[in-house]
Structures are given as structure tokens and as C-alpha cells.
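When reading the values below, keep in mind they use all heavy atoms of this one structure, side chains included, and skip hydrogens, waters and symmetry mates. Proteins come first, then strands; the chains are lettered A, B, ... in the order of their sequence lines, and each starts at number 1. Every value quoted in this text rests on a predicted model; they were computed, and no experiment measured them.
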Protein chains: 2
Amino acid sequence: MKLEKITNKRSSDAKRRYGDACGTAHALELIGDRWSLLVLRELMLGGRRFSQLRGDLPGISANVLTQRLAELEARGLVARKRLPPPASVQVYEATPWGLEAEPIVQALGRWAARSPGHDPTLPLSGVSLMLSFGTMFDPDRAKKFDGRIGFRLGPDSYLARIKKGRFKVARGEAGAGDVLLTASPTAIAAVVYGGAPIDSLLVEGDRQLAERFVKLFPLPAKVDALAS
Amino acid sequence: MKLEKITNKRSSDAKRRYGDACGTAHALELIGDRWSLLVLRELMLGGRRFSQLRGDLPGISANVLTQRLAELEARGLVARKRLPPPASVQVYEATPWGLEAEPIVQALGRWAARSPGHDPTLPLSGVSLMLSFGTMFDPDRAKKFDGRIGFRLGPDSYLARIKKGRFKVARGEAGAGDVLLTASPTAIAAVVYGGAPIDSLLVEGDRQLAERFVKLFPLPAKVDALAS
DNA sequence: CCGTATCCAATAAGATACTG
DNA sequence: CAGTATCTTATTGGATACGG
């Protein structure tokens, strides 16, 4: 039994570096740890509480989440804020620089969409779904689209708006849309990406708009698994 | 005390997945392991041998490199090819899909370039340097630029060509350029990104072209370390 | 309830020696 | 040169206990 373990404290300070001047390597030192980028992703559409993050990230354990949040905070990608009383709860927010990591999330998602091993039946967080829309959105198909789509995904609401071939989404205000979709993120993904019938969702408002909406996000062709 | 723990055998078979339908999470399962993306990056400009990869990636150990190459191969991102005799050596190549990961490398590099913690004095592989040019290239500054720049970086040579605001680079043929730069990748990075004098490089050929070339790759502003 | 801290088993990574 | 084998260390994840 070791009674002292003072020595090996290089964990937090001198991290595991790549010793590489390449920006890619440095980025991986910042957000390359397991779960790091997924935690950051969940903050892309606004602050989240600890337990919300736990729920959004199936399988992350409390201690790992604590550690990742602390690291991201130390690196300047996440800030913790305490809301003013009476709701004096703590929320984690991405910093402006943290938000700038969205193109990374998109590049990864777009690339992986071609993977033969991708399993779209797994659960999905609301933020993931909304961000995936931004990633897969096809401006060409949406040239003539103008409307606001609300999403009620359990306790969380989002409002997406498409206009002039641009896609935007923010949390909240789902009811303000021209149409409101209420369902689980997985069910919505099944319709948008899996071609499931829209009847599997609760559609309130301009149903025709919803039917057009769900066709704006084409998936790229899968990679031929035998190619090399 | 639990006397039975037969159950928890999910380790080897069910890899470490995120259990998340999001493409980003799936991408991280494919290339999110430590070193994976850096190995793939080194293959972006053509096949490399085992020992070359070891040299390109300071600090990777042989067993980890073996494992990463095997994983990347199993996932369809890398293929190993044996060159025909007499040079019957084995090289690792990125598959077409593996090459499609370049936007990920670029997004990471572009984002990390703003990091206050980025240390540009560390060593850098030739591939990293060449890819960083593609990442940081400013088409506006290069509107009137037309020329071919050769690089001799130790044993490896590269030829970059810029025309009509487009940047391309490939391995080999350095001598075919209008100007030839001979130096270490780090020294070249110091000139292009750190403003060091071009005299620190060996410049053969159209020196004026080289002087214009090194100004085509502006770095983004650093993040304010105090912002939140 | 909201996190944090601690303990422990299972892996992954790192260092080094070794083999064809 | 191109990897394997082996050993050590570090990180991860899960359970659980603890403080506000």
C-alpha cells in the first residue's frame, strides 16, 4: 500500500500533450478527451445544468462530467454561472470561443454520416438533433422555404427558422412557430433522416410546412464498406 | 459485498461507445481515440511507412501506432499496401473516405489557432505544415498570385501551387517549383506564422515569389484569455 | 435535489525489450 | 525495419458516500 501519492500530480497541470505545433494536435489537447466535445456540443444552444447534461449524455458518469466541465472551464471554453435568486441555480455555458467549435462538431457529423457503422436508432439529445439540422441542411432545397418550426422535445423547446436558404435554431419559443412538432428527438430523426412517416409525430399547425421541412436535410451516400 | 460480477463483460465486445445517434459521437468513436486523427492526418498527402509515421508523430509508441493503424484499417479509413518488388515494403494509405476527414483536421486547426495556449515552437511534421497552409490560406490575399512553391523538408518534398485563389499541395516534385524552400517545417512555420525573416530559410529560385507566398496565411486573432 | 469526492475494477496509453 | 510482447502508469466508468 502506498501511503503517499503526492508525486504523480501531473494529471491536471501537465496534461498529456502531443508535443506538436500543429493546430490540430493542440485542438485535440483542448477538446480531445473523451466526452469533452460532446459536453461542449450540449452547450451550443445555451446553458445547461449538471443534471441536464447527465441526461443528455447517456452513459457519462457524474465524476467524469464534473472533471470535463472543470477542464473545459479551465481552458476557457465553458463558464459556470449562477443565476440570480430566487432561481439561484448553477448553469454551465459555452464561452464565445467554445461556441466557435461548432464547425468542428459539424465537420465530424457530416463526415460520420457516411459511415457504414452509424446506428441512427440510438437515442439522441435535443441539441444533437437541432445541430444536425444545421449540419445537414441543404440551402438549395430550401431556396423557397420560409417558415418557423417549433419543437417540443420533452422538457426542452426549440425554434428553428428557415429563410432565404439559411437555417437558424435557438432554444425556447417553440410555440411561436408556424408549426409545432412534439415528439422525442429519436422519432423526429427517424422522420427526417430515416424516411419514417410524419404521422409518427404530433404535428400542430401548418402540417404542409412540416412535410416540406423534413425533406430539407439529405444524408450523404454511405461509404462502400469494401472500398479501399 | 457483491460476490458475482460476471455480468459486466461489455468491455471488449461492445467497445467504448457513446450510445448516441449523433453523427458527432459516432465520428468520435471512429477517430476519437488518442492519436487516431493525427495518424490519419499524416496520411493525407500520400502513403507513409510505419517508421515514417513514428518519426512524424513525436511521442507515439510503437504499440500504440500498431493499434491505431489496425483500428483505422478495420474501420475502413486506412489501407495497408505492399509495394511490388523489388521495393516490397509496406505502406499505409488513407482510403478515399479517410481523406474526406480533412475538413475535420482543418476545422480543428482553424479553431485551435485562436487558443492562447498554442505553442508554435514545438516541432511539426511536413504534412502538418502543408495542411496548415491549406487551412490558413487566404484566397483574397492570393487573388493575383500564380506560382509553384517547392519544399524540401529533410527527406520529404512537397510542391504547392497557387492559382486563381486556390491552394493545392502534393508530395514530391519540389524541384519543379518556381522557387524551392529548404528548411525544417518548424523554421518555415516560424517565417509564415511567426514573422521570422525569410533569410532563415534556404531560398532557391524566385525569391520575390517566396516573399509574397509567406504572407498568404494570416492567423486569426487570439482569444482573450479573460473572456467568458 | 445538485453536485463533489472517494474507492475500485477494467482499459488504454506509455516505455522498453524483443523477435523475424 | 516493422512490428510484438510485456510491464507500468494513467484514465475511465460505475458505485457509493458525502456536503450544501
Visitor: If you only use heavy atoms from C-beta on, which nucleotide in D:dG13, D:dT12, C:dA13 is closest to the side chain of B:Val64?
Guide: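 Of the options given, the side chain of B:Val64 lies nearest C:dA13.
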Visitor: Within the 4.5 Å heavy-atom criterion, are B:Thr95 and B:Leu99 side-chain neighbours or not?
Guide: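 Result no, sub-4.5 Å side-chain heavy-atom pair not found.
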Visitor: Would you please confirm or rule out a distance under 4.0 Å between OP1 or OP2 of D:dG13 and any side-chain N or O of A:Trp35?
Guide: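 Yes, A:Trp35 has a side-chain N/O under 4.0 Å of OP1/OP2 on D:dG13.
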Visitor: Find the distance B:Arg17:CZ to C:dA12:P and express it as a whole number of Å.
Guide: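 So the CZ-P distance, B:Arg17 to C:dA12, works out to 12 Å.
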Visitor: Under 30°, 30 to 60°, or over 60°: which ring-plane class applies to A:Phe137 and A:Phe167, parallel, tilted or perpendicular?
Guide: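 The rings of A:Phe137 and A:Phe167 sit tilted, inter-plane angle from 30° to 60°.
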Visitor: Are the side chains of B:Glu100 and A:Arg114 in touch, meaning some heavy atoms are under 4.5 Å apart?
Guide: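 They are in contact (side-chain heavy atoms under 4.5 Å apart), so the answer is yes.
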Visitor: To the nearest Å, how far apart are B:Tyr18 OH and D:dT12 P?
Guide: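 So the two atoms are 9 Å apart, to the nearest Å.
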Visitor: What protein N or O atoms touch nucleotides 17-19 of chain D N or O atoms at under 3.5 angstrom, if any, and at what distances?
Guide:
none

Visitor: Any side-chain N or O of B:Arg34 below 4.0 angstrom from OP1/OP2 of C:dG14?
Guide: yes
Visitor: Give the rounded distance in Å between these two atoms: CD of A:Glu71 and C1' of D:dA10.
Guide: 13 Å
Visitor: What is the distance, to the nearest angstrom, from the CZ atom on B:Arg82 to the C1' atom on D:dG3?
Guide: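 To the nearest whole Å, that distance equals 12 Å.
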Visitor: Without decimals, in angstroms, what is the distance between A:Glu29 CD and D:dT11 P?
Guide: 13 Å
Visitor: Which whole-number value in Å describes the distance from B:Leu57 CG to C:dG14 C1'?
Guide: 15 Å
Visitor: May I have the list of side-chain donor-acceptor pairs in residues 126-133 of chain B shorter than 3.5 Å, sequence neighbours left out?
Guide:
from: B:Ser128; atom 1: OG; to: B:Arg41; atom 2: NE; distance (Å): 3.2
from: B:Ser128; atom 1: OG; to: B:Arg41; atom 2: NH1; distance (Å): 3.1
from: B:Ser128; atom 1: OG; to: B:Arg41; atom 2: NH2; distance (Å): 3.0
from: B:Ser128; atom 1: OG; to: B:Ser125; atom 2: OG; distance (Å): 3.0
from: B:Ser132; atom 1: OG; to: B:Leu129; atom 2: O; distance (Å): 2.7
from: B:Ser132; atom 1: OG; to: B:Tyr193; atom 2: OH; distance (Å): 2.8

Visitor: Could you check whether A:Arg80 makes a cation-pi contact with A:Phe50, meaning its NZ or CZ is under 6.0 Å from the centre of the six-membered ring and within 45° of the ring axis?
Guide: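 Output no; distance or angle outside limits.
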Visitor: Let me check something: any side-chain donor-acceptor pairs from residues 53-63 of chain B under 3.5 Å, sequence neighbours excluded? List them with distances.
Guide:
from: B:Asp56; atom 1: OD1; to: B:Arg48; atom 2: NH2; distance (Å): 3.3
from: B:Asp56; atom 1: OD2; to: B:Arg48; atom 2: NE; distance (Å): 3.1
from: B:Asp56; atom 1: OD2; to: B:Arg48; atom 2: NH2; distance (Å): 3.1
from: B:Ser61; atom 1: OG; to: B:Asn63; atom 2: OD1; distance (Å): 2.8

Visitor: Could you tell me whether A:Lys222 atom NZ has more than 12 heavy atoms of other residues or ligands within 6.0 Å of it?
Guide: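 Atom NZ in A:Lys222 is packed in, count exceeds 12.
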Visitor: Could you pull out all residues at least two apart from B:Ser36 that satisfy side-chain hydrogen bond (donor to acceptor under 3.5 Å, both in side chains)?
Guide: none
Visitor: Side chains of residues 175-186 of chain B: which donor-acceptor pairs under 3.5 Å do they make with residues two or more places apart or in other chains?
Guide:
from: B:Asp178; atom 1: OD2; to: B:Arg148; atom 2: N; distance (Å): 2.6
from: B:Ser184; atom 1: OG; to: B:Ala187; atom 2: N; distance (Å): 3.0

Visitor: Tabulate protein N/O versus nucleotide N/O from nucleotides 2-7 of chain C, keeping only pairs under 3.5 Å, one per line.
Guide:
from: C:dG3; atom 1: OP1; to: A:Gln90; atom 2: NE2; distance (Å): 3.3
from: C:dG3; atom 1: OP2; to: A:Phe50; atom 2: N; distance (Å): 3.1
from: C:dT4; atom 1: OP1; to: A:Arg80; atom 2: NH1; distance (Å): 2.7
from: C:dT4; atom 1: OP2; to: A:Thr66; atom 2: OG1; distance (Å): 3.2
from: C:dT6; atom 1: O4; to: A:Asn63; atom 2: ND2; distance (Å): 3.3

Visitor: Return the value, rounded to whole Å, for the distance between atom CD1 of B:Ile60 and atom P of C:dG14.
Guide: 8 Å
Visitor: In whole Å, what is the span from the CG atom of A:Asp33 to the C1' atom of D:dG13?
Guide: 15 Å
